[in-house]
Trainee: 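Quick one: the structure is below, questions incoming.
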Amino acid sequence: MTVRQAIDRLQALKPHQYGDETAAGWLSDLDGRLYANYCLGHEGMESLAHGPYTADADDAELMVKEPYTDLYIRYMAAQVDYYNAEFARYNNSMVMYNMMLAEYANWINRTHMPEQRATLKL
């Protein structure tokens, strides 16, 4: 999924008044956090591109691939709800985001071995 596809999909599913630059910033923040918290420390994940993104970078590929790309839409939907002060909707959106995040984190743990840094000295 590209930055432009994610922004357009959010606008289609949850129309909002926030600009493309704001949505691209949300995507940058999310990819940075996902990279730091879930990808670093796993073999083969250190070379993933993870932003920062701008609204002008329409064709920039986001870090998370199918079938987990809904993670981006759910996160941005939660941000829209939060900044609109719709806190009941925000809570629901975050539950949906956290479920997808858990699936993504589990996939990383199943498919990428943790880097082995410690050694046993006898």
Trainee: Parallel, tilted or perpendicular for Y82 and F87, by the 30°/60° rule?
Mentor: perpendicular
Trainee: Donor-acceptor pair, D31 side chain versus M63 backbone, under 3.5 Å?
Mentor: yes
Trainee: Pairing donors with acceptors under 3.5 angstrom, does anything connect the side chains of Y75 and R33?
Mentor: yes
Trainee: Are the charged groups of R4 and D56 less than 4.0 angstrom apart, N to O?
Mentor: no
Trainee: Using the side chain to side chain contact (heavy atoms under 4.5 Å, CB included) rule, take R74 and M94 through it: C-alpha gap first, then chi angles, then the decisive distance, then the call.
Mentor: CA-CA 7 Å; R74 292 178 183 187; M94 285 305 293; over 6 Å; no
Trainee: Please round to the nearest 0.5 Å and tell me the distance separating atom CD of Q79 and atom OG of S93.
Mentor: 9.5 Å
Trainee: What's the separation between atom CG in N91 and atom CZ in R89, rounded to the nearest 0.5 Å?
Mentor: 12.5 Å
Trainee: Mind listing the closest non-hydrogen atom pair of M76 and A23 along with its distance?
Mentor: SD-O, 3.8 Å
Trainee: Is it possible for you to say whether L101 and Y35 belong to one hydrophobic cluster, with membership spreading through side-chain heavy-atom contacts below 4.5 Å?
Mentor: yes
Trainee: Between A6 and L62, what is the shortest heavy-atom contact and its length?
Mentor: CB-CD1, 3.9 Å
Trainee: If two hydrophobic side chains count as joined below 4.5 Å and joins carry through other members, does L27 share a cluster with Y83?
Mentor: yes
Trainee: Verify, without hydrogens or angle tests, whether Y72 (side chain) and V64 (backbone) share a donor-acceptor contact under 3.5 angstrom.
Mentor: yes
Trainee: Do W26 and Y90 belong to the same hydrophobic cluster, where Ile, Leu, Val, Met, Phe, Trp and Tyr are linked whenever their side-chain heavy atoms lie under 4.5 Å apart, directly or via other members?
Mentor: yes
Trainee: Donor-acceptor pair, distance only, cut-off 3.5 Å: does the side chain of T69 make one with the backbone of K65?
Mentor: no
Trainee: Counting C-beta onward and ignoring hydrogens, is there a side-chain heavy-atom pair between I73 and D70 closer than 4.5 Å?
Mentor: yes
Trainee: Is it the case that the side chains of Y18 and N84 hold a donor-acceptor pair, with the cut-off being a distance below 3.5 Å and no angle test?
Mentor: yes
Trainee: To check you understand the geometry: which heavy-atom pair defines the closest contact between I7 and A24, and what is its length?
Mentor: CD1-N, 4.1 Å
Trainee: If hydrophobic clusters are built by linking Ile, Leu, Val, Met, Phe, Trp and Tyr wherever their side-chain heavy atoms come under 4.5 Å apart, do L30 and L13 end up in the same one?
Mentor: yes
Trainee: OH of Y38 to OH of Y104: how many Å apart, nearest 0.5 Å?
Mentor: 10.5 Å
Trainee: Are M99 and L71 in one and the same hydrophobic cluster, where Ile, Leu, Val, Met, Phe, Trp and Tyr link if side-chain heavy atoms are under 4.5 Å apart?
Mentor: no
Trainee: Quick check: do D81 and N92 have side-chain heavy atoms less than 4.5 Å from each other?
Mentor: no
Trainee: Nearest 0.5 angstrom please: E61 CD to Y53 OH, how far?
Mentor: 9.0 Å
Trainee: With no hydrogens and no angle check, do the side chains of T2 and D59 hold a donor and an acceptor under 3.5 Å apart?
Mentor: no
Trainee: For the CD atom of Q5 and the CG atom of L10, what is their distance to the nearest 0.5 Å?
Mentor: 13.5 Å
